[in-house]
Colleague: 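Structure incoming, see below.
Just so you know, these numbers come straight off a predicted model, no measurement behind them.
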Amino acid sequence: IVDQGSRLLGKMQGYVQGHTPLETQRVCTDCLFIPLFVAAVLGFFLCISQAVEKGSFQRLTSLPDFEGNLCGTNGQGPYLYFCREQGIGLDLQHQICLEQCPVDSSSQIFCRGTGTTQMSYPTHSLAGMICMPTTSDLASDIKHVFNNNPFVKTLFDAMEVTYDWEQLVVAAVVASVLSYFYIFCISLCANCLVWLCLLALVAIPTCLGLVYVYMSASPEIVVPNSIPGTITTGDTQNDLSFGLALCGIGILLACVAVCKARTIKLALTSIEEAADCIRQMPVLSIQPWISSAVTLLVFIPGVIGFLMLNMSGDLPKQVDLTSGQPVYSGDPLVAISLIYYLVIFVWILELLHAISQFVVMFTAQVWYFRMKGRDDSFWSQFSGYDMLYGYLYAVTYHLGSLLYGSFLCTLFRVLRMLAAMLVRASEETGNPVATCFLKCFTCCLACAEKLVRSVTSLSYCDVAMNSTTYCEGAEHAFRLVQRNGGALVAVEGLAMVFSFVGIGVVSASTAATCWMMSNTFDRYSNPMSNHYVPDKQMLMFLHALIGAAIAIPFMHLFDSICDAIVYCNAAVSFQLPSSWGSSGGLFGWFSGH
């Protein structure tokens, strides 16, 4: 009777124990956010139509000549070419467009800026948009122009790396394989990996810091096309400071690991249960692939639309790339459209992440209440229907709640991004007071965003379990886990360590693999090749970014399962207040106390 009374009280308070999410009677939650989201998306597509109407995709792949004519359009050649100036140097203010880049000095080229015909100089095509001189002195003049013009530099860097799509594909494949292997290792030996990750978290920054200290003491080892030459800051004093900072971080993390060893051992139970869930429900391992594919299909067109909207201004009749000014003139309407576009675009990405998180938590809860503790064979528990039900419930019954939570996350993320832009602007103006204030404000926003994400994650757990609204789910979930707050913090900390180490390992391995390719194969290391990228540091950074972007959905998988396990453990441990079972109570009378 006491057990039945506990179950009845739990049901009245929103906690229904002893059932799976598949048995919950579901209702539509937070439906008000659905029409709001539809209206916001309509405005989003209006911004895209404005970008298509006033801009063009060609602006993302080409630069204009000095008369404001975009290369590759109106019968002009696709390659930008700089004529010589009085036989020495280059005329950097009167660029023209050519059909193909001259490879020697035997071609005659008419330079409209001076009205003369000149002999060409040896060049090669770079990023499909520039005729880059083969001589270093002339090439340095063009690079100097690019570095002084932020718009041209950003466009050129983007085209330079995306033009070599082969290495980008290799980076994506390597990162996907490593991420999947990392999750597979977690499912087999989570206990061992906890201590290995903690060891890596201490050893990697410490060893890397020692490398930087050694580079500062022995600058002769820093040579081009070497690992020290790639990772160096360019200054021995900065290398020393950076190395000491990394060593300090490693020592601090070691102290934290030693002091929290007991808490870590207590949290290992939930970590091992999460690993069992991945192993016994292998259908979960394909969810990051689905999430990454859908996100990529939305992210790439969204970024292209943002860039097209940013370049939807008017093209002046006279373009001087040496002035350092934006090539396309903007107006206040474009600026407002960009901010609105950014907010809605981030909201859409957050919604995709929320759906993915909900599906993982739903499937993990089904495993916890239906499959936990079973010793059945591996394939007997391979049920894809549970995850399909998760997607069905997410987009039908609980789309409003997911929109609610994703909007809150979007709000804080966009505010933090705008604050970071203000910090950069204040640093450029040299105002230390404003910079300090804005940095403090950005830090507060980051903490608030972290809190909102934690609340949202727990709320999704209750929405998946009991079909509650977003606010009710957050309240119920916190009531459940408040007695096990230490375990929640410990599990969150260990999951964060897993995620941090996993993202770091995948990102570094991807960058190292592509660095070896760009320095080993003549196709990527020969300056005359169309696939050659001269800026190795920028290339490694991009590949590391690709590795991190692909690894994040896999790390979110484990983090979401850990949140679901903590919630389920708290729901199982929910009991009646002690007064209900004490003498004088109805249940106490039936139980004889």
Side-chain angles (χ1 to χ4, degrees), residues 168-194 196-198 200-201 204 270-300 349-364 367 382 384 386-387 390-391 394 453 457 460 491-514 542-566:
L168 300 181
V169 172
V170 172
V173 173
V174 171
S176 300
V177 173
L178 291 176
S179 300
Y180 187 82
F181 180 74
Y182 185 77
I183 291 295
F184 180 75
C185 292
I186 289 178
S187 66
L188 294 180
C189 49
N191 196 348
C192 179
L193 279 179
V194 166
L196 287 178
C197 287
L198 291 175
L201 205 61
I204 291 177
S270 297
I271 296 295
E272 290 177 345
E273 288 178 343
D276 292 339
C277 178
I278 296 176
R279 186 175 62 256
Q280 297 180 9
M281 294 283 286
V283 68
L284 283 172
S285 61
I286 68 172
Q287 200 282 328
W289 301 96
I290 299 175
S291 176
S292 300
V294 175
T295 302
L296 195 63
L297 290 176
V298 175
F299 180 78
I300 293 178
L349 294 179
E350 289 288 350
L351 175 62
L352 295 178
H353 173 65
I355 293 175
S356 172
Q357 194 174 13
F358 178 89
V359 170
V360 171
M361 290 177 172
F362 179 90
T363 310
W367 169 84
F382 190 93
D386 299 327
M387 195 167 71
Y391 278 109
R453 290 190 178 277
S457 179
Y460 290 163
V491 172
E492 285 285 343
L494 288 180
M496 184 181 66
V497 169
F498 270 120
S499 300
F500 184 79
V501 173
I503 294 173
V505 169
V506 173
S507 179
S509 301
T510 304
T513 302
C514 294
L542 179 65
H543 290 161
L545 189 63
I546 292 175
I550 293 179
I552 285 175
F554 288 88
M555 304 305 120
H556 279 165
L557 169 69
F558 185 75
D559 186 58
S560 299
I561 293 175
C562 289
D563 289 341
I565 295 299
V566 171

Colleague: After noting the C-alpha distance and the side-chain angles of V174 and H543, does the key distance pass the side chain to side chain contact (heavy atoms under 4.5 Å, CB included) rule?
Modeller: CA-CA 10 Å; V174 171; H543 290 161; over 6 Å; no
Colleague: Take S285 and F184 through the side chain to side chain contact (heavy atoms under 4.5 Å, CB included) test and state the conclusion after the steps.
Modeller: CA-CA 8 Å; S285 61; F184 180 75; over 6 Å; no
Colleague: Return the orientation label for the F554 and Y180 ring planes: parallel under 30°, perpendicular over 60°, tilted otherwise.
Modeller: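 Correct class here is perpendicular.
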Colleague: Just verifying a value: how many Å separate I552 CD1 and H556 NE2, rounded to the nearest 0.5 Å?
Modeller: 6.0 Å
Colleague: How close do A394 and F358 get, counting heavy atoms only, and between which atoms?
Modeller: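 A394 and F358 have their closest heavy atoms at CB-CD2, 3.5 Å.
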Colleague: Decide yes or no on side chain to side chain contact (heavy atoms under 4.5 Å, CB included) for W367 and D276, but give the supporting numbers first.
Modeller: CA-CA 10 Å; W367 169 84; D276 292 339; 3.8 Å; yes
Colleague: If you measure from OH on Y391 to OG1 on T363, what distance do you get to the nearest 0.5 Å?
Modeller: 8.5 Å
Colleague: For the residue pair A274 and C562, what are the closest heavy atoms and their distance?
Modeller: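 Scanning both residues, the minimum pair turns out to be CB-SG, 3.9 Å.
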Colleague: S292 and P553: which non-hydrogen atoms are nearest, and at how many Å?
Modeller: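 Minimum heavy-atom contact is OG-CG, 3.3 Å.
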Colleague: Check G390 against V359 and note the closest heavy-atom contact, atom names and distance.
Modeller: C-CG2, 3.7 Å
Colleague: Run the numbers on I278 and I183 for side chain to side chain contact (heavy atoms under 4.5 Å, CB included), then give the verdict.
Modeller: CA-CA 8 Å; I278 296 176; I183 291 295; 4.1 Å; yes
Colleague: What's the spacing between L557 CG and S291 OG if we round to 0.5 Å?
Modeller: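 The distance works out to 9.5 Å.
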Colleague: State whether the side chain of S356 and the backbone N or O of L352 hold a donor-acceptor pair below 3.5 Å, judged by distance alone.
Modeller: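 Such a contact is absent between S356 side chain and L352 backbone.
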Colleague: Is a side-chain N or O of S457 found less than 3.5 angstrom from the main chain of R453, in a donor-acceptor match?
Modeller: no
Colleague: Where do S179 and A551 come nearest, in terms of heavy atoms and distance?
Modeller: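 Shortest heavy-atom contact: OG-CA, 3.4 Å.
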Colleague: Checking D559 against S499: is there a side-chain donor and acceptor pair closer than 3.5 Å?
Modeller: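 Distance-only check fails for S499 and D559.
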Colleague: Kindly compute the distance separating CD1 (I546) from OG1 (T510), expressed to the nearest 0.5 Å.
Modeller: 8.5 Å
Colleague: Roughly how far apart are Y460 OH and D563 CG, rounded to 0.5 Å?
Modeller: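 Interatomic distance, Y460 OH to D563 CG, rounded to 0.5 Å: 12.5 Å.
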Colleague: Return the CD1 to CE distance between I565 and M361, rounded to the nearest 0.5 Å.
Modeller: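 I565 CD1 to M361 CE: 11.0 Å, rounded to 0.5 Å.
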Colleague: What pair of heavy atoms forms the shortest contact from F558 to A275, and how long is it?
Modeller: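 Closest approach of F558 to A275, heavy atoms only: CE1-N, 4.4 Å.
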